[in-house]
K.L.:
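To start, I am sharing the structure in question, which I have written as structure tokens.
Proteins come first, then strands; the chains are lettered A, B, ... in the order of their sequence lines, and each starts at number 1.
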Number of protein chains: 2
Amino acid sequence: MLIGELSDKTGLSKDTIRYYEKEGLVQSGARKENQYRNFSEKAIHTIHFIKNLKELGFTLPEIKDFIHLFHNEETSCQMVQKRLEDHIVNINSKMSLLESIRTKVANAIHLCKENPIAKSCQTLEKLWD
Amino acid sequence: MLIGELSDKTGLSKDTIRYYEKEGLVQSGARKENQYRNFSEKAIHTIHFIKNLKELGFTLPEIKDFIHLFHNEETSCQMVQKRLEDHIVNINSKMSLLESIRTKVANAIHLCKENPIAKSCQTLEKLWD
DNA sequence: CTTGACCTTAAAGTATACTCCAATGTATAT
DNA sequence: ATATACATTGGAGTATACTTTAAGGTCAAG
């Protein structure tokens, strides 16, 4: 199928598909005589796979790695698990960072509420010194 | 003081200070005759203020807004509180997104652990279809 | 044979917050 | 006079995942 059809079937823009191909995430096989890309049904699955992994917060290089894993006979479930566990570690550290920020911002809001009439904002003063 | 001294006193690189000045976050006042920037003690506080707000996850344009608030007579604590509340809403939505991703990834890991011997990884298969 | 709907490429633009570079000017000590 | 340690500028580079642009080739229908 041509790129437009693949685009319609996956909801991914044609430009994005070309970009993914350039990055080695999707393959179009041999070009037609007219130089048009020629995708197989498999490309639909590949793009589906990419979308699912994007939703899990993986980057394109990481997703490329997953695609290699998927096509490699040697791949064990443990290898996949390892990637997922590394990923969850990253997610956890991002969450703790956000959590600590949230606490600080919540405290600042609390300070504002305590002195609602104050002409000068205690929160700003505190950030300044 | 010259930019190098300000850099030493704040721990911010000279390039970053110049960048902040260009963005209107810090002011150096009138140049010396030799065209060197001439910072006052206040610049130290301003940079301190910027750093504190960066730690709370604010962007430079947002921080610039806070600086304006700080220097404006009209600023009420409520105006500050409003910014903080908007910010916490953003933080919360980022956290829920991460939380939902974490759940999905944890489920995938669980699936890997359930079938540790499987030659083909159920998790990968599931992402593919 | 022209119109319109396809397709192609390379290259630049977007957003954010710097960081680095090159070329050059200035101040101070020896 | 020179070495060294400062300072200046404009502009490019970094990372990520696209999106947009410009200029042009291909194909089927009327």
Side-chain angles (χ1 to χ4, degrees), chain A residues 1-40 43 46-67 87 90-91 94 97-98 101, chain B residues 1-40 43 46-67 87 90-91 94 97-98 101:
Chain A
M1 82 190 83
L2 298 184
I3 198 168
E5 191 180 342
L6 182 60
S7 171
D8 290 343
K9 285 185 177 167
T10 59
L12 221 55
S13 81
K14 291 184 282 186
D15 282 325
T16 302
I17 295 172
R18 287 193 199 97
Y19 175 68
Y20 282 0
E21 195 205 22
K22 202 174 58 170
E23 296 297 306
L25 292 160
V26 192
Q27 267 145 359
S28 64
R31 297 293 180 95
K32 296 188 153 184
E33 283 197 351
N34 52 19
Q35 301 290 6
Y36 289 6
R37 286 175 183 79
N38 195 10
F39 294 95
S40 66
T46 304
I47 287 175
H48 195 70
F49 189 75
I50 294 168
K51 283 182 143 189
N52 281 332
L53 285 162
K54 271 196 77 70
E55 276 177 19
L56 294 183
F58 286 101
T59 63
L60 296 189
E62 286 165 342
I63 292 171
K64 194 173 170 181
D65 177 45
F66 273 106
I67 291 173
H87 191 52
N90 284 333
I91 291 169
K94 276 183 195 159
L97 181 61
L98 280 178
I101 288 175
Chain B
M1 81 191 84
L2 298 183
I3 198 168
E5 190 181 343
L6 182 60
S7 170
D8 290 342
K9 286 185 175 166
T10 59
L12 220 56
S13 80
K14 291 186 282 186
D15 279 326
T16 302
I17 295 172
R18 287 194 199 97
Y19 175 68
Y20 282 0
E21 195 205 21
K22 204 174 56 167
E23 295 296 306
L25 292 160
V26 192
Q27 267 145 0
S28 64
R31 297 291 179 96
K32 293 187 154 185
E33 282 197 351
N34 51 20
Q35 301 290 5
Y36 290 4
R37 285 175 183 78
N38 196 11
F39 294 96
S40 67
T46 304
I47 287 175
H48 195 71
F49 188 75
I50 294 169
K51 283 182 144 189
N52 282 332
L53 285 163
K54 271 196 74 72
E55 277 177 19
L56 295 184
F58 287 101
T59 63
L60 296 189
E62 285 166 343
I63 293 171
K64 193 173 171 182
D65 178 46
F66 274 105
I67 292 174
H87 192 51
N90 284 334
I91 292 169
K94 276 183 192 158
L97 182 60
L98 280 178
I101 287 175

K.L.:
Would you say that B/Y36 contacts B/I3 through its side chain, given a criterion of any heavy-atom pair below 4.5 Å between the two side chains?
P.N.:
no

K.L.:
Below the 4.0 Å mark, does D/dT19 have OP1 or OP2 next to a side-chain nitrogen or oxygen of A/S13?
P.N.:
yes

K.L.:
What is the distance from atom OG1 of A/T16 to atom CG of A/L25, rounded to the nearest 0.5 Å?
P.N.:
11.5 Å

K.L.:
Measure NZ/A/K54 against P/D/dT16 and give the value in whole Å, please.
P.N.:
12 Å

K.L.:
In a check of side-chain contact (heavy atoms from CB on, under 4.5 Å) between A/F49 and each of A/I47, A/N52, A/L53, which one passes?
P.N.:
A/L53

K.L.:
Please determine whether a side-chain nitrogen of the Lys or Arg among A/K64 and A/E23 lies less than 4.0 Å from a carboxylate oxygen of the Asp or Glu.
P.N.:
no

K.L.:
Between the side chains of B/K9 and B/E5, is the shortest nitrogen-to-carboxylate-oxygen separation below 4.0 Å, so that they form an ion pair?
P.N.:
yes

K.L.:
To the nearest Å, how far apart are A/L6 CG and C/dC6 C1'?
P.N.:
15 Å

K.L.:
Look at A/T16 and D/dA17 and indicate whether a side-chain polar atom (N or O) is within less than 4.0 Å of OP1 or OP2.
P.N.:
no

K.L.:
Just how far, in rounded Å, is P of C/dT16 from OH of B/Y19?
P.N.:
9 Å

K.L.:
In whole angstrom, give the distance that lies between atom CD1 of A/I17 and atom C1' of C/dT8.
P.N.:
15 Å

K.L.:
Mark up nucleotides 1-15 of chain D, 5' to 3', with B wherever a protein heavy atom is under 4.0 angstrom from a base atom, S wherever such an atom reaches only the sugar-phosphate, and - elsewhere.
P.N.:
-----BSBB------

K.L.:
May I ask you to evaluate whether A/Y20 reaches the phosphate of D/dC18, defined as a side-chain N or O under 4.0 Å from OP1 or OP2?
P.N.:
yes

K.L.:
In whole Å, what is the span from the CG atom of B/L53 to the C1' atom of C/dA17?
P.N.:
16 Å

K.L.:
When the distance from NZ of B/K64 to P of C/dA17 is rounded to whole Å, what number comes out?
P.N.:
12 Å

K.L.:
Is the centre of the B/F66 ring less than 6.0 Å from the centre of the B/F58 ring?
P.N.:
yes

